[in-house]
Amino acid sequence: MTQFQRIALCAGIAVINAPHVSFWCETQNSSAEPYQKLQTKLLAWLRGELKSEANLLRFHDAFCEWRDAQPEDDSLAWRLLQFCCAALHSACETLFDPECDDTELLLGSLEALWAEMDELGAETSDLRQYWHSLQQELPDLIKDNTRLPFPKAWFVWLQEADVSLFGLSND
């Protein structure tokens, strides 16, 4: 995968699964604003609308502080939060470090989360198939030669993914 394909994958995971961050924050009576703002700024960067690296990094720093302040919990909801945060963090890191490649780690975490859901009695085969179909579309949207700004089709792809990889609606 190229740097921009990795960014697209990580950012896609972060955006598609953002409802889990909101859910976590609701249960903790806290705000998801630092996650949401960084996500918004990252997407603006990928559209070519945001040009200030300092601005993006300021939101990234606020996000990292917020992430570190989240109370650790032994729940699936907390692990989903951590997964989403790792994806958003990795998308930003890969943007500024072409060598950064957390995709195997993220995909391994995704598999582990589905395995945990299976153990809890959830049926994940449809979710796995859904993710597989989303992944198959990515190479047509973000090609080997893709640079910034990302193609509009990628943003449409994000909007059309209306269910998280864990079955929560993005409405």
Side-chain angles (χ1 to χ4, degrees), residues 1-25 27-28 32 34-36 38-39 42-43 45-46 56 60-61 63-144 146 150 154-155 157-170:
M1 280 186 169
T2 68
Q3 172 190 13
F4 292 101
Q5 288 169 329
R6 292 190 311 274
I7 293 167
L9 178 74
C10 295
I13 288 172
V15 170
I16 291 167
N17 293 296
H20 294 283
V21 175
S22 297
F23 175 78
W24 168 261
C25 288
T27 64
Q28 299 298 310
Y35 185 96
Q36 294 163 344
L38 179 58
Q39 177 181 292
L42 175 63
L43 293 176
W45 185 279
L46 297 178
L56 182 61
H60 182 263
D61 291 345
F63 160 77
C64 289
E65 288 176 25
W66 170 84
R67 177 185 181 184
D68 291 343
Q70 297 308 300
E72 190 168 338
D73 190 337
D74 187 26
S75 69
L76 179 61
W78 184 79
R79 284 185 283 289
L80 292 172
L81 168 78
Q82 293 302 308
F83 175 72
C84 296
C85 288
L88 185 58
H89 179 77
S90 183
C92 290
E93 290 293 317
T94 305
L95 188 61
F96 299 112
D97 179 1
E99 301 302 314
C100 182
D101 187 354
D102 293 334
T103 54
E104 281 188 44
L105 182 62
L106 283 172
L107 296 175
S109 295
L110 178 58
E111 285 296 329
L113 288 164
W114 280 330
E116 183 176 347
M117 289 174 66
D118 287 338
E119 288 174 15
L120 294 171
E123 174 54 51
T124 62
S125 61
D126 287 346
L127 297 171
R128 292 169 193 259
Q129 186 175 355
Y130 170 60
W131 174 237
H132 181 70
S133 69
L134 288 174
Q135 274 187 295
Q136 286 191 310
E137 294 173 22
L138 266 176
D140 293 333
L141 302 171
I142 306 295
K143 300 182 180 341
D144 288 349
T146 296
F150 274 12
W154 182 77
F155 294 96
W157 173 83
L158 272 181
Q159 285 184 317
E160 290 176 351
D162 58 354
V163 175
S164 79
L165 301 180
F166 306 101
L168 196 59
S169 174
N170 288 341

- Heavy-atom check, side chain of M117 versus side chain of E123, under 4.5 Å: no

- Which value, rounded to the nearest 0.5 Å, describes the distance between L80 atom CG and L168 atom CG? 9.0 Å

- Considering all heavy atoms of both residues, which atom of L81 and which atom of W66 are nearest to each other, and what is their separation? CD1-CH2, 3.9 Å

- Would you sort out whether L46 and W154 count as a side chain to side chain contact (heavy atoms under 4.5 Å, CB included), showing the intermediate values? CA-CA 10 Å; L46 297 178; W154 182 77; 3.9 Å; yes

- Do F155 and L43 come close enough that some side-chain heavy atom pair is under 4.5 Å? yes

- If you measure from the Lys or Arg side-chain nitrogens to the Asp or Glu carboxylate oxygens, is any gap between R79 and D74 under 4.0 Å? yes

- Task: Could you check if a side-chain atom of Q28 sits within less than 4.5 angstrom of a side-chain atom of P71, using non-hydrogen atoms only?
- Result: yes

- Note on the structure: The ring pair (Phe, Tyr, Trp, His ring centres under 6.0 Å) partners of F83 (sequence neighbours excluded) come to F166

- Using a cut-off of 6.0 Å, state whether more than 12 heavy atoms not belonging to Q136 lie near its atom CD. yes

Under 3.5 Å, which donor-acceptor pairs link side chains of residues 8-25 to any protein atom two or more places apart or in another chain?
{"unit_1": "N17", "atom_1": "OD1", "unit_2": "L165", "atom_2": "N", "d": "2.9"}
{"unit_1": "N17", "atom_1": "ND2", "unit_2": "I13", "atom_2": "O", "d": "2.9"}
{"unit_1": "H20", "atom_1": "NE2", "unit_2": "S164", "atom_2": "OG", "d": "2.7"}
{"unit_1": "W24", "atom_1": "NE1", "unit_2": "Q70", "atom_2": "OE1", "d": "3.1"}

- Item | Atom pair CG (L88) and CG (L38), whose distance is rounded to the nearest 0.5 Å | 4.0 Å

- Message: Tell me whether S90 contacts the main-chain N or O of A86 through its side chain, where contact means a donor paired with an acceptor under 3.5 Å.
- Response: no

- Shortest non-hydrogen pair, K143 vs Q5, comes out as C-NE2, 3.6 Å

- Backbone of C84 reached by a side-chain donor or acceptor of Q82 within 3.5 Å: no

- Look up atom CD in E137 and atom CG in D140, then write down how far apart they are to the nearest 0.5 Å. 8.0 Å

- Task: Measure the shortest side-chain to side-chain distance between D126 and Y130 over non-hydrogen atoms and say whether it is less than 4.5 angstrom.
- Result: no

- Query: E111: what forms a salt bridge (Lys or Arg N to Asp or Glu O under 4.0 Å) with it, not counting sequence neighbours?
  - Reply: R128

- Item | C92/W45 under side chain to side chain contact (heavy atoms under 4.5 Å, CB included): CA gap, chis, key distance, verdict | CA-CA 10 Å; C92 290; W45 185 279; over 6 Å; no

- List the steps, then state whether side chain to side chain contact (heavy atoms under 4.5 Å, CB included) holds for F150 with L141. CA-CA 9 Å; F150 274 12; L141 302 171; over 6 Å; no

- Any donor-acceptor pair under 3.5 Å from Q3 side chain to L95 backbone: yes

- Item | Min side-chain heavy-atom separation E116-L76 under 4.5 Å | yes

- Query: Which atom names give the shortest non-hydrogen contact between R6 and C100, and what distance separates them?
  - Reply: NE-O, 2.9 Å

- Item | Criterion side chain to side chain contact (heavy atoms under 4.5 Å, CB included) on T103 and M1, from CA distance to verdict | CA-CA 9 Å; T103 54; M1 280 186 169; 4.0 Å; yes

- Any donor-acceptor N or O pair under 3.5 Å, side chains D144, T2: no

- Hey, could you give me the CG/CG distance between L113 and D118, rounded to the nearest 0.5 Å? 11.0 Å

